[in-house]
Amino acid sequence: MNQVELLSDRVAAVQLDGRRNRELQRRERIFDENVRTIGVDKDALDHQVKELREKDQRQANEFKIYADELLCSDRVACVLEQRQKKDERLLNEAIVQFRQQFQQPASRREFDLNDPELLKKQEGVRILPGLPGEDLAQKDRLRKQQEQLRAWTLQQQDELERAKQQLHQEMHQYDQSRLALDNQALELQKMEDQSKKATAIATKDFNLALAAEITNRHLQEHHEEEENNQTDILNQLNGDLLMENPEQNISVLGLSRLRKDYYKGMSPKELQQYTQYQLQQAEDRKRAVMEQREKELQEHHERMTSARAALLLERQHARINKELRRAMDNTNAKLAQTHDAQKKHLQDVYTNIPDERYFSQFNTSSR
């Protein structure tokens with residue numbers, strides 16, 4: 001018969017070869033003293049070291065990027081600080097230049113009183129020989145100062161008068177605007193009062209009409225309720241309930257059904273039938289009690305018989321187990337004697353000590 005190679009056999013053979021190759025590679029890794037160390041997987045450790053180095057490299061790159069960003073931020077801050085200082089310096093220079101051009105001491109109003117070169121500017125005045133530092137133009141200067149002070153006082157009085165007139169005019173305008181607003185508020189208040197008054201009158205009329213309508217409706221409802229009550233009373237007095245009509249007990253579902261809401265009690269015929277039914281039930285109950293008592297006596301007799309048979313069977317099993325135990329003890333004693341003889345024989349026969357050939361058969365596989 002020709003042998004047929006199945007696909008499952010081929011797959012199993014390929015898997016077996018793969019396992020053998022992996023076992024050979026693992027055996028080379030484990031038994032090679034240059035590669036392995038006892039209890040350590042070098043490939044796994046190399047992989048861990050590589051991961052740690054990559055992690056350190058990533059952290060170094062991140063720190064470098066962060067440091068570059070800090071340096072860039074510092075440069076930007078320095079540039080902004082220098083620009084701010086430059087702007088402040090230019091502003092101060094512009095202020096100084098403006099003061100030099102437009103706020104010179106000579107342009108002040110009281111400069112003529114403190115001008116150190118006033119005497120040099122006066123023409124035709126000669127200093128007579130006399131005391132050094134004598135002021136010959138003191139009277140003229142005092143007169144001019146008084147005139148200037150008088151002019152300033154008149155100017156201040158004019159400005160104060162104009163300010164008072166402007167304040168008076170503003171107060172007058174404010175009073176007029178306030179009067180106008182008050183008049184407008186009074187008109188609005190009057191219009192609001194008229195509107196509230198009209199609304200109150202309309203609400204009052206509506207409430208009166210609504211109250212009259214509600215009163216009429218209540219009277220009509222009371223009249224209808226009185227009529228309905230009288231009709232209901234007449235219907236109850238003439239109804240089947242108070243008249244105790246025996247036909248009203250019959251339900252629409254059949255003659256064997258009764259209506260609970262119209263039921264007035266049993267008739268004499270029904271009472272006789274009910275009494276006979278109760279007597280029949282009592283006899284049936286007495287008969288069932290007698291049958292149950294007989295059944296219990298029979299079951300008790302059967303239980304006693306079964307217990308007696310079980311006790312006899314248990315004693316027989318005990319005797320059998322005792323005989324089996326005795327036979328087993330004899331057999332175990334014979335086996336113990338045989339074992340002791342065999343052990344003594346082995347001690348006399350196997351006296352050789354294990355040598356290197358015995359231990360060389362171990363540690364031949366990586367598992």
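Values below: all heavy atoms of this structure, side chains included; hydrogens, waters and symmetry mates excluded.
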Between Arg217 and Glu213, does a salt bridge (Lys or Arg N to Asp or Glu O under 4.0 Å) hold up when you go through it step by step? CA-CA 6 Å; Arg217 189 185 304 137; Glu213 183 180 357; 3.4 Å; yes
State the [atom1]-[atom2] distance between [X] and [Y], to the nearest 0.5 angstrom.
{"X": "His317", "Y": "Leu324", "atom1": "NE2", "atom2": "CG", "value": "11.0 Å"}
{"X": "Gln48", "Y": "Lys55", "atom1": "CD", "atom2": "NZ", "value": "12.0 Å"}
{"X": "Lys295", "Y": "Glu291", "atom1": "NZ", "atom2": "CD", "value": "10.0 Å"}
{"X": "Leu52", "Y": "Glu54", "atom1": "CG", "atom2": "CD", "value": "9.5 Å"}
{"X": "Arg319", "Y": "Asn321", "atom1": "CZ", "atom2": "CG", "value": "11.0 Å"}
{"X": "Gln82", "Y": "Asp87", "atom1": "CD", "atom2": "CG", "value": "12.0 Å"}

So does [X] pair up with [Y], basic N to acidic O under 4.0 Å?
{"X": "Arg53", "Y": "Asp56", "answer": "no"}
{"X": "Asp175", "Y": "Arg178", "answer": "yes"}
{"X": "Asp68", "Y": "Lys64", "answer": "no"}
{"X": "Asp140", "Y": "Arg143", "answer": "yes"}

For a 4.5 angstrom cut-off between non-hydrogen side-chain atoms, does [X] reach [Y]?
{"X": "Arg162", "Y": "Gln166", "value": "no"}
{"X": "Met304", "Y": "His301", "value": "no"}
{"X": "Leu90", "Y": "Glu93", "value": "yes"}
{"X": "Arg19", "Y": "Arg22", "value": "yes"}
{"X": "Glu192", "Y": "Gln189", "value": "yes"}
{"X": "Lys197", "Y": "Ile201", "value": "yes"}
{"X": "Leu80", "Y": "Gln84", "value": "no"}
{"X": "Gln157", "Y": "Glu161", "value": "no"}

Does the side chain to side chain contact (heavy atoms under 4.5 Å, CB included) test come out yes or no for Gln220 and Asn216, once each step is laid out? CA-CA 6 Å; Gln220 185 178 359; Asn216 294 330; over 6 Å; no
Can [X] and [Y] be counted as having a side-chain donor-acceptor contact under 3.5 angstrom?
{"X": "Glu296", "Y": "His300", "result": "no"}
{"X": "Gln273", "Y": "Tyr277", "result": "no"}
{"X": "Tyr274", "Y": "Gln278", "result": "yes"}

Asn92 side chain to Glu88 main-chain N or O, any donor-acceptor pair under 3.5 Å? yes
Answer yes or no: is there a donor N or O on one side and an acceptor on the other, between the side chain of Thr231 and the main chain of Glu227, under 3.5 Å? yes
Stepwise side chain to side chain contact (heavy atoms under 4.5 Å, CB included) check, Arg83 with Lys86: CA-CA 5 Å; Arg83 187 178 298 174; Lys86 183 178 179 181; 5.6 Å; no
Taking atom CD of Gln298 as the centre, does the number of heavy atoms from other residues, nucleotides or ligands within less than 6.0 Å exceed 12? no
Could you check whether atom CD of Gln342 has more than 12 heavy atoms from other residues, nucleotides or ligands sitting under 6.0 Å from it? no
Leu179 reachable from Leu188 in the ILVMFWY side-chain graph, under 4.5 Å edges: no
